[in-house]
There are 2 protein chains.
Amino acid sequence: MSGFTPSLDRLIEQFAKLPSVGKKSAQRLAFHVLSMTDAEANAFTQTIEKARSSIKRCKICCNLTDSDICSVCSSQSRDKSVICVVEDARDVIAIERTHEYNGLYHVLHGVISPMNDVNPEDICIKELIMRLGDDTVKEVIMATNPTVEGEATSMYISKLIKPLGVSVSRLAYGVPVGADLEYADEFTLIRAMEGRKQL
Amino acid sequence: MSGFTPSLDRLIEQFAKLPSVGKKSAQRLAFHVLSMTDAEANAFTQTIEKARSSIKRCKICCNLTDSDICSVCSSQSRDKSVICVVEDARDVIAIERTHEYNGLYHVLHGVISPMNDVNPEDICIKELIMRLGDDTVKEVIMATNPTVEGEATSMYISKLIKPLGVSVSRLAYGVPVGADLEYADEFTLIRAMEGRKQL
């Protein structure tokens, strides 16, 4: 019993279920929602409903999109011989921000994680394999996160792809640009050593 | 242009408008909302709509409630001769948690703040004055926040109340229990000195 009136308690409870929202933040968000004008509140709930009903996965790359085919897959200017495989739609945005990559993407929507009961068939791996059927794609770049599960997923997929005659690469590991060596963890340093380049 | 599909951009934008939600958190919340089941998402939006339509101000004390009269005002066991005046419904909960106060409350829903264009008539002051009409209430305890605006509001209200023959008091200032003197700010220490008690 928090002491608030029941509807307010339920509202706070809903906000507290959101990721990284604690009890105090949930209260603040609930009070904010109560203080919104009707127009603001309607915009808020309707945008949620609209987004949930209209956002779907691109039929080719599984990225989130409002149309059947996302803007990258439908673009004429992208290099269709390279696919960069990422875990999640946010990773696409991160790579797009570099303005250096001009190929296509494939969004897995997760990583293989037996601990969390996520098996290969639960993420978009078969959709990726289906894209490699003809000879258009020459290279697949694995850009899953550098975590144990990201690594394992990347290894699993590369084993499936190699027999198809498509070259598979992995993002380089190393010390982040602008970071301080002193604060780099030992695994990153080991990988940076291993991947050293002749000057 | 964030690079996300338009509906997703709009969803992120809605979350970014919430207090203390930055751009990254807004993205995380938006992705979370997209990953909810239909039942969870409906519960979320409907709880917001339900709370906004059913929560109103108690006709007596202006606290937030689902009914016309809040549970404190309608309780038979509360001491109706004391009113504790607070800025906001959360302050009621904080005082209720002490289990020491058994009087009534009055929620102002804000403080007088000319800088933010909040004048005395914008907060629930007249509702408070109206409660002091008969002789039931003997004391009003001002428990606005110890800020400049909370102080000013408290002074303003006490000047209105005193002529009505009702005694007005103010929460004591001092060092918080369990805190370290070393970290107390000078104003708190000055007030704690001024309010010192004979042992």
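Protein chains get the first letters and strands the later ones, always in sequence-line order, with residue 1 at the start of each. When reading the values below, keep in mind they use all heavy atoms of this one structure, side chains included, and skip hydrogens, waters and symmetry mates. Just so you know, these numbers come straight off a predicted model, no measurement behind them.
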Which portion of [X] sits near chain A, non-hydrogen atoms under 4.5 angstrom:
X	result
B:Leu34	both
B:Val21	side chain
B:Thr65	both

query = Does A:Arg52 use its side chain to pair, donor to acceptor, with the backbone of B:Met36 at less than 3.5 Å?
reply = yes
query = Under 3.5 Å, side chain of A:Ser7 to main-chain N/O of B:Ile55, donor-acceptor pair present?
reply = no
inquiry  = Counting only non-hydrogen atoms closer than 4.5 Å, can you tell me which residues of residues 111-137 of chain A sit against chain B?
reply    = none
key: Residue-level interface, residues 73-90 of chain A with chain B, non-hydrogen cut-off under 4.5 Å   = A:Asp88, A:Ala89, A:Arg90
Determine the option with the most heavy-atom pairs under 4.5 angstrom with chain A, choosing from [options].
options	answer
B:Ser54, B:Cys70, B:Ser20	B:Ser20
B:Ser25, B:Ala51, B:Ser71, B:Ala30	B:Ala51
B:Ser35, B:Ala43, B:Ala41	B:Ala43

Which value, rounded to the nearest 0.5 Å, describes the distance between [X] atom [atom1] and [Y] atom [atom2]?
X	Y	atom1	atom2	answer
B:Lys50	A:Leu11	NZ	CG	11.0 Å
B:Lys17	A:His32	NZ	NE2	9.0 Å
A:Gln14	B:Thr47	CD	OG1	4.0 Å
A:Glu13	B:Phe44	CD	CZ	12.5 Å
B:Leu29	A:Leu18	CG	CG	5.5 Å
A:Phe31	B:His109	CZ	NE2	8.5 Å

query = With chain B, which of A:Asp38, A:Asp66, A:Val72 has the greatest number of heavy-atom pairs at distances under 4.5 Å?
reply = A:Asp66
query = Among A:Glu49, A:Glu40, A:Gln46, who wins on heavy-atom pairs under 4.5 Å with chain B?
reply = A:Glu49
Side-chain heavy atoms nearer than 4.5 Å, only ILVMFWY residues, links allowed to pass through others: does that put [X] and [Y] together?
X	Y	answer
B:Leu104	B:Ile93	no
A:Met155	A:Val168	no
B:Met142	B:Tyr156	yes
B:Leu164	B:Ile157	yes
B:Ile60	B:Val166	no

task = Give the C-alpha distance, both sets of side-chain angles, the deciding distance and a yes or no for side chain to side chain contact (heavy atoms under 4.5 Å, CB included) between A:Phe4 and B:Val92.
result = CA-CA 9 Å; A:Phe4 289 114; B:Val92 171; over 6 Å; no
request  = Give the minimum heavy-atom separation between B:Leu64 and A:Leu8, together with the two atoms involved.
outcome  = CD1-CD2, 4.0 Å
